[in-house]
Chemist: 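Quick one: structure below, then a few questions.
Chain naming here is simple, since letters A, B, ... match the order of the sequence lines and numbering starts at 1 in each.
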Protein chains: 2
Amino acid sequence: MARAGLTADRVTLAGAELADEAGLDQVTMSQVARRLGVKDASLYTHVRGLEDLRGRIALLAADEKTLRIAEATAGRSGKDALVAFADAWREYAHAHPGRYTATQLPIRIDPELAANAPGPRRAVELTYGMLRGYGLAEPDLTDAVRLLRSTFHGFVALEAAGGFGHERSPQDSWVRALDALHTLLEHWPPSREGDSA
Amino acid sequence: MARAGLTADRVTLAGAELADEAGLDQVTMSQVARRLGVKDASLYTHVRGLEDLRGRIALLAADEKTLRIAEATAGRSGKDALVAFADAWREYAHAHPGRYTATQLPIRIDPELAANAPGPRRAVELTYGMLRGYGLAEPDLTDAVRLLRSTFHGFVALEAAGGFGHERSPQDSWVRALDALHTLLEHWPPSREGDSA
DNA sequence: TTGCTGTTCCTAGGGGCTCTAGGTTAAACC
DNA sequence: GGTTTAACCTAGAGCCCCTAGGAACAGCAA
């Protein structure tokens with residue numbers, strides 16, 4: 001019987017494709033094995049188990065998303081960069097819903113695996129770089145980064161969960177949200193003393 | 001053998017408790033049945049299946065969250081209301097992580113069940129009510145609501161997923177984010193023509 | 001060509017899960 | 001007390017994850 005020529009990466013990719021097509025919860029060892037024309041037990045040579053596979057998909061997605069954002073924001077600054085960043089984020093989530101939901105999993109990723117992934121550090125660099133033009137200093141910079149990531153992720157997540165009614169197109173709200181965030185960054189409120197509610 | 005006295009609500013509550021203690025993915029028919037001292041097949045009298053149970057947990061969580069927010073914002077306005085609203089949201093997510101993640105599920109809830117739930121409509125009313133003081137008109141109002149919900153949900157979700165490093169406390173970033181959102185609402189940017197990128 | 005080695009992929013099987021079908025038995029009403 | 005209506009049960013099919021151990025292929029050496 002001919003070998004299937006599997007590797008951890010090929011298994012991960014098959015899982016990622018399945019996640020996008022059928023939803024992350026349909027990503028099972030059996031389904032992935034079936035898609036690869038192989039028995040499920042064979043996957044355990046390449047991947048530690050289901051949890052490990054999901055973690056690898058999450059890592060793959062994070063890397064891909066970061067790459068898209070890097071390409072989109074290259075050479076841009078100010079609001080251009082902000083919009084390019086945000087649109088790339090949202091478009092990745094739309095194009096790869098299963099992969100994207102994998103990134104939402106509580107981090108239970110093999111640390112050794114994560115250490116080799118370029119994604120996280122690169123993502124942080126990109127975000128801080130995008131905000132450079134707004135002239136924020138720490139800790140406002142960190143707070144702004146967190147606010148932006150929260151908004152991008154939250155918007156995409158609510159959109160995917162069907163959280164927006166049909167009255168107004170999400171796209172229009174998205175554009176306005178980016179407008180709003182831009183003006184917010186330009187007029188970031190000064191920190192006041194005694195704030196720790 | 002004495003009856004256990006189950007109802008759909010009691011089954012849902014047991015599932016919700018289990019979700020908070022062990023994570024939503026540990027909410028299985030078998031586990032919930034075990035917790036109730038009953039065989040798993042017995043649950044199907046009260047609940048259509050696992051998907052239905054998860055939907056019910058999501059609905060319960062939405063109602064509870066809305067109630068907390070209503071209590072927190074009662075009698076407040078302006079930034080007070082905004083902060084109370086947001087804090088109640090985040091505190092609910094912290095207190096009931098399993099229930100909260102259930103609300104993130106793509107809506108696959110029994111429509112008949114959802115129709116009887118007071119949550120969604122009430123939540124919308126509350127949010128619009130909170131924004132009344134800022135003097136926004138449609139469609140800006142809808143856009144602002146969506147932005148706020150996105151940010152609240154996104155922040156909580158990233159926080160739960162371990163998405164924030166350890167450099168700065170999430171609490172501090174949260175307080176500053178609310179400051180920022182408040183000033184943003186006070187200076188909501190006017191809509192410009194030709195915006196539809 | 002033959003034999004050796006390491007890895008890939010297999011079969012077999014245990015245990016947990018969801019859900020259905022159909023039987024009992026407890027509670028509720030006449 | 002008898003009848004009816006449900007709640008709860010046992011039994012079982014089918015799918016899932018994962019482990020243990022066997023078979024077969026690829027590469028290399030002699």
Chemist: Cation-pi check, A/R146 to B/F155: give yes when NZ or CZ is under 6.0 Å from the six-membered ring centre and within 45° of the ring axis, no otherwise.
Modeler: no
Chemist: Side-chain N or O of A/S42 versus OP1/OP2 of C/dT8: is the shortest distance under 4.0 Å?
Modeler: no
Chemist: Compare the minimum distances between each of D/dC16, D/dC9, C/dT18 and the side chain of B/M29, then state the nucleotide with the smallest one.
Modeler: C/dT18
Chemist: Using a 4.0 Å heavy-atom cut-off across all strands, classify A/S30 as base, sugar-phosphate, or nothing.
Modeler: sugar-phosphate
Chemist: For A/T151 versus B/S150, what's the shortest heavy-atom pair and its separation?
Modeler: O-CB, 3.8 Å
Chemist: State, to 0.1 Å, how close A/L53 and A/V27 come at their nearest heavy-atom pair, and which atoms those are.
Modeler: CD2-CG1, 4.1 Å
Chemist: Round to the nearest Å and state the distance from B/K39 atom NZ to C/dG22 atom C1'.
Modeler: 18 Å
Chemist: Which whole-number value in Å describes the distance from A/D40 CG to D/dA20 P?
Modeler: 15 Å
Chemist: Expressed as a whole number of angstroms, how long is the span from A/E51:CD to D/dC18:P?
Modeler: 9 Å
Chemist: Any side-chain N or O of B/R34 less than 4.0 Å from the OP1 or OP2 oxygen of C/dC17?
Modeler: yes
Chemist: Is A/R99 salt-bridged to A/E64, cutoff N-O under 4.0 Å?
Modeler: yes
Chemist: Rounding to a whole Å, what distance do you find between B/D25:CG and C/dT18:P?
Modeler: 12 Å
Chemist: Tell me: CG of A/L43 to P of C/dT11, nearest whole Å?
Modeler: 14 Å
Chemist: Starting from C1' on D/dA7, measure out to OH on B/Y44 and report it in whole angstrom.
Modeler: 16 Å
Chemist: Return no unless some side-chain N or O of A/H46 is found under 4.0 Å from OP1 or OP2 of C/dT7.
Modeler: no
Chemist: Please give me the minimum heavy-atom distance between B/D20 and B/G98, naming the atom from each residue.
Modeler: OD1-N, 2.9 Å
Chemist: Round to the nearest Å and state the distance from A/R10 atom CZ to C/dT8 atom P.
Modeler: 13 Å
Chemist: What's the closest nucleotide to the B/T45 side chain, out of C/dC9, D/dA7, C/dC19?
Modeler: D/dA7
Chemist: What is the distance from CG of B/L6 to P of D/dC9, rounded to the nearest Å?
Modeler: 8 Å
